[in-house]
Amino acid sequence: DTEVTQTPKHLVMGMTNKKSLKCEQHMGHRAMYWYKQKAKKPPELMFVYSYEKLSINESVPSRFSPECPNSSLLNLHLHALQPEDSALYLCASSQTLLGTDTQYFGPGTRLTVL
Amino acid sequence: AQSVTQLDSHVSVSEGTPVLLRCNYSSSYSPSLFWYVQHPNKGLQLLLKYTSAATLVKGINGFEAEFKKSETSFHLTKPSAHMSDAAEYFCVVSPPSNTGKLIFGQGTTLQVKP
């Protein structure tokens, strides 16, 4: 099974709201990722977790706050977002951070910020 | 420095005809190479990967790609296009590092006409 699940599928929020995106995998992977994807563009890496520790933060604004409560779960907490943050947010996981390891992607959460 | 170039932003074929999506890469070392497909409003699905084993890689749904080091290419082919192949395709380079960072091409939109 190579499934990564994400909830919710769609999210509409105002600029003053606080919401969270959730990602889960049960493949025993120890690396997990958050990506942001705008229309007609490739995904952009936001955060990387390895063994539940934050490994990479690609200079993402602090209104995005990641959390990795355990090896199967990855959350992305959202607060005071801007309309330009509207995008498809993808979660991915891989066995490790090695370049030969395949990243498996979830279906994404479509976020709209009003 | 690593980079990847998808030579066509848009490819249109008729159903039942061959598909060729072109990808060139630049890498100082031997990278791992991937092709992913993304259907509208979906996550990325792995089609195939190359990790320095056989140069001709077979993937899912009848797709295959050939790694040509001398030409620094990793083109994706399929003998006969199906309507369900219409999607966005990303060629991805994964450097031999332990960061988990992927380098995405800009994507190729495949249109399949009946």
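Chain letters run A, B, ... following the sequence lines, proteins first and then strands; every chain starts at 1. Just so you know, these numbers come straight off a predicted model, no measurement behind them.
In the displayed structure, B/His10 atom NE2 is contacted under 6.0 Å by more than 12 heavy atoms of other residues, nucleotides or ligands.
To the nearest 0.5 Å, atoms CG (A/Leu73) and CD (A/Glu52) are separated by 10.0 Å.
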query: Going through the checks in order, is the side-chain contact (heavy atoms from CB on, under 4.5 Å) test met by B/Phe67 and B/Val57?
result: CA-CA 8 Å; B/Phe67 174 73; B/Val57 183; 5.9 Å; no
query: How far apart are the C-alpha atoms of A/Tyr33 and A/Tyr104, what are their side-chain angles, what is the distance that settles it, and do they pass the side-chain contact (heavy atoms from CB on, under 4.5 Å) test?
result: CA-CA 10 Å; A/Tyr33 311 78; A/Tyr104 294 94; over 6 Å; no
- request: Quick one: do B/His75 and B/Glu66 satisfy side chain to side chain donor-acceptor pair (under 3.5 Å)? Show the steps, please.
  value: CA-CA 6 Å; B/His75 301 334; B/Glu66 186 171 9; over 6 Å; no
task: Let me see the working for A/Met13 and A/Leu81 under side-chain contact (heavy atoms from CB on, under 4.5 Å), right down to the final yes or no.
output: CA-CA 8 Å; A/Met13 59 187 290; A/Leu81 294 192; 4.0 Å; yes
- prompt: How far apart are the C-alpha atoms of A/Ser72 and A/Glu24, what are their side-chain angles, what is the distance that settles it, and do they pass the side chain to side chain donor-acceptor pair (under 3.5 Å) test?
  reply: CA-CA 6 Å; A/Ser72 300; A/Glu24 195 164 4; 6.0 Å; no
field: Verdict with supporting geometry, A/Leu114 and A/Val12, side-chain contact (heavy atoms from CB on, under 4.5 Å)
entry: CA-CA 7 Å; A/Leu114 301 176; A/Val12 179; 3.5 Å; yes
task: For the pair A/Ser93 and A/His29, evaluate side chain to side chain donor-acceptor pair (under 3.5 Å) and give the outcome as yes or no after the intermediate values.
output: CA-CA 6 Å; A/Ser93 72; A/His29 289 173; 2.8 Å; yes
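Along residues 105-114 of chain B, the residues that come nearer than 4.5 angstrom to chain A, judged on non-hydrogen atoms, are B/Gly105, B/Gln106 in order of number. Scanning residues 87-101 of chain B against chain A with a 4.5 Å non-hydrogen threshold yields B/Phe90, B/Ser94, B/Pro95, B/Ser97, B/Asn98, B/Thr99, B/Gly100, B/Lys101, sorted by number.
With a 4.5 angstrom heavy-atom cutoff, B/Lys42 touches chain A only via backbone atoms. Proximity to chain B (any heavy atom under 4.5 Å) is shown, for A/Thr102, by both the backbone and the side chain. Interface residue B/Gln38: only side-chain heavy atoms are found under 4.5 Å from chain A. Both the backbone and the side chain of B/Leu44 come within contact range of chain A, judged by heavy atoms closer than 4.5 Å. Using a 4.5 Å cut-off between heavy atoms, A/Gln37 touches chain B through its side chain atoms alone. With a 4.5 Å cut-off on non-hydrogen atoms, A/Glu44 does not touch chain B at all. A/Leu90 touches chain B through its side chain: at least one heavy atom from C-beta onward sits under 4.5 Å away, while N, CA, C and O do not.
In this structure, B/Tyr50 and B/Phe74 have tilted ring planes: the angle between them lies in the 30° to 60° band.
Note: the hydrophobic cluster containing A/Leu88 also contains B/Tyr36 (ILVMFWY, side chain heavy atoms under 4.5 Å, direct or indirect links). Follow the hydrophobic side-chain contacts under 4.5 Å out from B/Leu76 and you never reach B/Leu7; the two are in separate clusters.
Listed options A/Pro43, A/Ala92, A/Ala39, A/Ser50 were ranked by heavy-atom pairs under 4.5 angstrom with chain B; first place goes to A/Pro43.
A donor-acceptor pair is defined here as one N or O able to donate and one able to accept, closer than 3.5 Å; such a pair exists between the side chain of A/Asp101 and the backbone of A/Thr96.
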